[in-house]
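A, B, ... follow the sequence lines: proteins, then strands. Residue 1 opens every chain.
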Protein chains: 2
Amino acid sequence: MADGPTINTIAERAGVSIASVSRVLNGLPTRQETIRKVLAAAEELGYVRNAVARSLKSRRTNQVAFAMADIGNPVYLAMVRQIQPVLKAAGYRLVLHSTDAIAADEIDVLHSLGERYVDGLIMSPLRVTEAHLETLKAARAPVVIIGSVPDGTRVDNVRADSRTGVRLALDHLHALGRRRIALVNGPLDTVPGASRGAAYAEALEELGLPYDDGLVEIGDFYRADGARAVAALLARRPDIDALMCANDLIALGALDVLRAAGRRVPEDVAVVGMDDTELAAASYPSLTSVSLGSAERGKAAVELLLDRLQRGDREPRLVTVPPRLVVRASTSGEEPALPYDLTTNTPGALAGAAPGHQSSAQEGGAG
Amino acid sequence: MADGPTINTIAERAGVSIASVSRVLNGLPTRQETIRKVLAAAEELGYVRNAVARSLKSRRTNQVAFAMADIGNPVYLAMVRQIQPVLKAAGYRLVLHSTDAIAADEIDVLHSLGERYVDGLIMSPLRVTEAHLETLKAARAPVVIIGSVPDGTRVDNVRADSRTGVRLALDHLHALGRRRIALVNGPLDTVPGASRGAAYAEALEELGLPYDDGLVEIGDFYRADGARAVAALLARRPDIDALMCANDLIALGALDVLRAAGRRVPEDVAVVGMDDTELAAASYPSLTSVSLGSAERGKAAVELLLDRLQRGDREPRLVTVPPRLVVRASTSGEEPALPYDLTTNTPGALAGAAPGHQSSAQEGGAG
DNA sequence: TTGTAAGCGTTATCAC
DNA sequence: GTGATAACGCTTACAA
């Protein structure tokens, strides 16, 4: 861990100036003999270029930040999985921020762009306040926002379309003959909670079904909340025949309670989740879920950012990722055939079912 | 996105020297009047300290890197979830590297410590070659290795104990009366694959059961591989009554195939996974799994690193995290009672079942 | 208490 | 082609 050599050290050793060292190291036209001497010295000394000094001079850090509400949320992880490889391929490092869904922290991250430790930021804020927009306008580096921002905000923006997503789910349930479709939502003061609630009401109306307050239950976005909400729902309206859940965790809680209550899924009650996380495919019955394209949104965001890092002057763009209904056993009653071929070695259709690699590196112990 | 002000800008504006500005900004003793002028100017200009310039001078970046084989792997994500908050609380940012399990990439990460863009590194290498150790010895910043390294390697080290873990699982299966226990392993040239294979043989011996080559099947660490392996196993040895799977994904594939084959779990075949990922609790039947303490290992690693960043001179430490068998329905036959209280709002026992928060920030669309 | 100036390790602009 | 030398924005002796 000795103090590393600098271009000065190399210059001395090679008997040339630091300017020549820099030139060689950067591939600028130099005499062969000089190149040889410099490279030899660098090699012997184990020289590694100091990224900090270089950044100070070049005003580029080759780092990009991703700020999410919560690193434990599978939705954001799906985004990180897309973002990281693209950044890596483009020569950037990924810096991760978890803001714990605290608005002040999010604004802090935006503000800290002034520290210039990253070249750009991808952010997925829980809500977008006036203060967010203000800070955003003054941001000292390019920003891409994942999530809705007010029309006219001059920023690259990637959106899901949970309204259409809810609509897809309700159409599906309606086509299956379900008529008493309950909604298990998250808090209404979050952007997703609000829009999913509105979309539910709207979809019911278009289907010609009455909106019934008794069919709506609100909790937080966790599995336990989903379980509690569904228990309350069942007590109040024993005749419900379908559950629209605002995310997959809520839906898993719903499955737990339905099983405990002896209700068959989907015969008695059909269940739809949202986000199509890896848990949806793993549960039993496997969970029909509305994919809001987390992976695609992550991909779109990083591409917008890289593009802007190259040409900072273009107009802001808006990308909307369409939702997709992934039908599984919790509504269809049919477990999919094994999603892989048991005889060959082709990874086959499993790509979607397996949550990434699992080359498992942890190791241990006594030998 | 205008070019930001520097301490020079402030100095001019406030009519003082840059040294005074720096002093005020760093809380060093200064006259009240000067403080006032400087802070006022800084405020007006929207000054933010340049982290790069500061790092060049201070030789600290307040960044720490975590290098894992694969960002899609739930095991590493469990670590990241622990590491990030601790680092944040200590004032560090987290830089993420995914090495795709390529040894050259891992060595590259070690080497790049010389760039000094981070103050330290936590790394979980897939295998530890001679080249790793060599580069490690020359590393220009503190490193913590998650995973076994040869005895005597002078580095902070956190290990799992998969040997004991396998032993726990086989004891459990044996106690349940199972006697034809197959092993579905990953590649033998990976550290985990090798040690789990050895541990299996060893545990059988101690239980007085014969080792039978026909009961061992090897594939990769993915769900599809697990499915294929188990299909082959069933064809060859229709009478197996238990499956020890080298990780949870393999176990999920096993469950798929057993269900398709009409074998009851656990009545006909008991199944044990490994790593105790969130998928284990979500599957049905829920999966008995050996936890190797990914979260604990992440926590231990970051604590070792922070400690060393404060006192770089202490002796290297070794932390071994004990495994724990988490019994669920795939061996016990009993789905756990609902892991949460349906009547109150206490998060209760769900903490372990819910994969972190899900405050769901993605949002969308037309509304 | 404050200002001048050196230096962190680069890159880049000059003359030579 | 190459070598002084001046930035980049900050911290910190050292002087005043």
Side chain to side chain donor-acceptor pair (under 3.5 Å) involving A:K299 - partner list, sequence neighbours excluded: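 In terms of side chain to side chain donor-acceptor pair (under 3.5 Å), with neighbours along the sequence ignored, A:K299 is linked to no residue.
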Atom-to-atom span, CG of A:N8 to C1' of C:dC8 - whole angstrom: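 Computing the A:N8:CG to C:dC8:C1' distance gives 11 Å.
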Rounded distance (Å) that lies between atom C1' of C:dG3 and atom CZ of B:R31: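 Roughly 13 Å, once rounded to whole Å.
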Pair listing, salt bridge (Lys or Arg N to Asp or Glu O under 4.0 Å) test, anchored in residues 121-130 of chain B, at least two apart: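 Of all non-adjacent pairs touching residues 121-130 of chain B, those that pass salt bridge (Lys or Arg N to Asp or Glu O under 4.0 Å) are B:R127-B:D189.
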Within-4.5 Å side-chain heavy-atom neighbours: A:V158 and A:E296: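 The answer is no, as the side chains (C-beta and beyond) never meet within the 4.5 Å cut-off.
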Side chain proximity check, B:Y47 to B:L25, heavy atoms < 4.5 angstrom: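 Side chain of B:Y47 against side chain of B:L25, heavy atoms only: contact under 4.5 Å found.
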Electrostatic pair B:D151:B:R159 at N-O distance under 4.0 angstrom: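 Between B:R159 and B:D151 there is a salt bridge, with a charged N closer than 4.0 Å to a carboxylate O.
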Test item: B:S22 side-chain N/O and B:I18 main-chain N/O as donor-acceptor pair under 3.5 Å: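 Side chain of B:S22 to backbone of B:I18, a donor-acceptor pair under 3.5 Å: no, none is there.
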Side-chain (A:D70) to main-chain (A:G72) donor-acceptor, under 3.5 angstrom: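 Such a contact is found between A:D70 side chain and A:G72 backbone.
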Touch class at under 4.0 angstrom, heavy-atom based, for B:S55 against every strand present: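 B:S55: no heavy atom of the nucleic acid under 4.0 Å.
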Sugar-phosphate, base or nothing in reach of A:V52, heavy atoms under 4.0 Å: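 No contact.
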Residues in salt bridge (Lys or Arg N to Asp or Glu O under 4.0 Å) contact with A:E43, at least two apart in sequence or another chain: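 Testing A:E43 for salt bridge (Lys or Arg N to Asp or Glu O under 4.0 Å), a comparison that skips the adjacent residues, returns none.
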Under the salt bridge (Lys or Arg N to Asp or Glu O under 4.0 Å) test, residues paired with B:R36 that sit two or more places apart: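 Salt bridge (Lys or Arg N to Asp or Glu O under 4.0 Å) check on B:R36 returns B:E33.
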B/S/- contact track for nucleotides 11-16 of chain C, protein heavy atom under 4.0 Å: BBB---
Please enumerate all residues that pass side-chain contact (heavy atoms from CB on, under 4.5 Å) together with [X], with sequence neighbours excluded.
{"X": "B:T153", "answer": "B:L133, B:L136, B:V149, B:P150, B:V155"}
{"X": "A:D108", "answer": "none"}
{"X": "A:A131", "answer": "A:I107, A:T129"}
{"X": "B:A295", "answer": "B:Q82"}

Boundaries of the DNA chain D segment in contact with chain B, non-hydrogen, under 4.0 Å: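 Contacts span D:dG9 to D:dA13, reading 5' to 3'.
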Pairwise 5' ranking along DNA chain C for B:L56 and B:I35, keeping only the more 5' one: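 Result: B:I35.
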Whichever of B:R59 and B:E33 has its nearest DNA chain C nucleotide further upstream toward 5':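 It is B:E33, whose closest nucleotide lies nearer the 5' terminus.
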Within residues 37-46 of chain B, residues whose heavy atoms come under 4.0 Å of DNA chain C: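 Hits under 4.0 Å, by residue number: none.
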Strand DNA chain C in bracket notation, Watson-Crick/G-U under 3.5 Å with | for pairs to another chain: ||||||||||||||||
